[in-house]
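Sequence lines set the chain letters: A, B, ... in the order given, protein chains first and strands last, and positions in each chain run from 1.
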Amino acid sequence: DAKTTQPPSMDCAEGRAANLPCNHSTISGNEYVYWYRQIHSQGPQYIIHGLKNNETNEMASLIITEDRKSSTLILPHATLRDTAVYYCIAVNYNTGNQFYFGTGTSLTVIP
Amino acid sequence: GAVVSQHPSWVICKSGTSVKIECRSLDFQATTMFWYRQFPKQSLMLMATSNEGSKATYEQGVEKDKFLINHASLTLSTLTVTSAHPEDSSFYICSVAGTGGQYFGPGTRLTVT
């Protein structure tokens with residue numbers, strides 16, 4: 001599975017958009033990009049996923065570059081409850097649907 | 001998405017004893033479940049893939065005789081930490097493979113004294 005790299009930490013002002021980048025330059029055509037977040041001492045929570053096209057749901061938007069080598073998770077109006085560690089994961093369903101987590105980005109939303 | 005529970009949410013045991021952690025899929029028939037371990041300030045590490053009715057597949061470096069996994073039904077997988085030692089103290093999280101991704105349980109905090 002493709003390795004992903006993310007900045008270790010970011011801050012965002014409450015009410016502003018949080019843009020979290022992820023690099024997955026070795027991603028294969030079969031690999032989906034998944035985003036999860038983990039609030040301290042809880043299980044990870046699903047946010048969004050995509051293959052090639054940009055995606056949007058009630059939580060966030062996912063922007064995937066045309067070459068698929070990177071993506072950005074956008075939380076449109078960050079709240080204090082969005083403070084968490086965000087993980088970007090590349091998943092290949094052809095080889096099994098295992099998740100190999102990277103180090104993630106610790107997002108702190110500041111009042 | 002699937003609703004996943006774990007029991008217990010936390011457990012303290014003495015060194016040398018065994019501890020069983022249950023992972024239940026409450027509203028979804030889970031053919032495949034996963035077990036992860038997370039040390040403080042670190043990311044989740046996949047330990048094993050658990051398939052209903054067959055032997056679990058362990059990741060490299062994970063001792064299968066120490067971490068016994070049983071997935072006897074479509075709603076329950078168990079992880080037994082045998083002869084636990086203080087270095088096994090960790091946060092253990094299970095997940096269910098569902099449509100569109102994995103759904104995670106709330107985790108079990110194990111402390112071995």
Side-chain angles (χ1 to χ4, degrees), chain A residues 1-9 20 22 24 30-51 53 55-60 62 71 73 83-108, chain B residues 1-10 21 23-26 28 30-51 54 56-62 79 89-111:
Chain A
D1 290 2
K3 181 180 177 180
T4 61
T5 54
Q6 301 175 249
S9 64
L20 291 89
C22 178
H24 32 80
N30 299 319
E31 290 182 296
Y32 287 75
V33 178
Y34 276 78
W35 283 83
Y36 281 74
R37 71 181 182 185
Q38 185 180 29
I39 296 169
H40 182 63
S41 294
Q42 297 182 26
Q45 175 191 23
Y46 168 81
I47 302 173
I48 199 166
H49 75 282
L51 183 62
N53 300 322
E55 302 287 346
T56 295
N57 63 20
E58 64 277 5
M59 288 183 68
L62 173 61
S71 61
L73 177 73
T83 292
V85 178
Y86 288 76
Y87 294 101
C88 165
I89 310 161
V91 182
N92 189 335
Y93 282 93
N94 288 345
T95 58
N97 47 2
Q98 285 80 6
F99 281 16
Y100 296 99
F101 284 77
T103 53
T105 295
S106 178
L107 174 70
T108 302
Chain B
V3 178
V4 182
S5 70
Q6 286 185 236
H7 178 81
S9 55
W10 59 271
I21 301 169
C23 176
R24 292 185 184 274
S25 176
L26 300 182
F28 185 83
T31 304
T32 303
M33 292 184 172
F34 302 91
W35 286 95
Y36 296 83
R37 179 167 55 180
Q38 186 176 33
F39 293 109
K41 298 191 186 300
Q42 294 187 22
S43 185
L44 284 78
M45 185 193 80
L46 178 65
M47 299 176 68
T49 302
S50 166
N51 291 301
S54 63
T57 302
Y58 291 81
E59 294 296 309
Q60 193 171 10
V62 178
L79 169 68
S89 298
S90 189
F91 192 50
Y92 291 87
I93 308 170
C94 71
S95 72
V96 166
T99 53
Q102 291 186 23
Y103 303 96
F104 288 82
T108 296
R109 175 80 54 195
L110 169 64
T111 302

To the nearest 0.5 Å, atom OG1 of B:Thr32 lies from atom CD of A:Gln98 at 8.5 Å
Spacing of A:Gln38 atom CD and B:Ser43 atom OG [to the nearest 0.5 Å]: 8.0 Å
Angle class for the B:Phe104/A:Phe99 ring planes (parallel below 30°, perpendicular above 60°, tilted otherwise)? tilted
Tell me, yes or no, whether the heavy-atom count around B:Phe28 atom CZ, taken from other residues, nucleotides or ligands under 6.0 Å, exceeds 12. yes
Assert top hit (heavy-atom pairs under 4.5 Å, partner chain A, pool B:Gly101, B:Cys94, B:Gly105) equals B:Gly101
Any side-chain heavy-atom pair from A:Phe101 and B:Leu46 closer than 4.5 angstrom? no
What residue in B:Gln42, B:Met45, B:Gln38, B:Gln6 has the most heavy-atom pairs under 4.5 Å with chain A? B:Gln38
Find the distance between CG (B:Leu44) and CD1 (A:Ile89) and round it off to the nearest 0.5 Å. 8.5 Å
Would you say that B:Ile93 contacts A:Pro44 through its side chain, given a criterion of any heavy-atom pair below 4.5 Å between the two side chains? yes
Would you name the heavy atoms of B:Glu59 and A:Tyr100 that are closest together and state the gap between them? OE1-OH, 3.0 Å
Flag for A:Gln45-B:Tyr103: side-chain donor and acceptor within less than 3.5 Å: no
Does any heavy atom of chain B fall under 4.5 Å from the side chain of A:Tyr36, the backbone, both, or neither of them? side chain
How far apart are the closest heavy atoms of B:Arg109 and A:Ser41, and which atoms are they? NH2-OG, 3.3 Å
B:Gln102 backbone acceptor or donor facing A:Tyr34 side chain under 3.5 Å: no
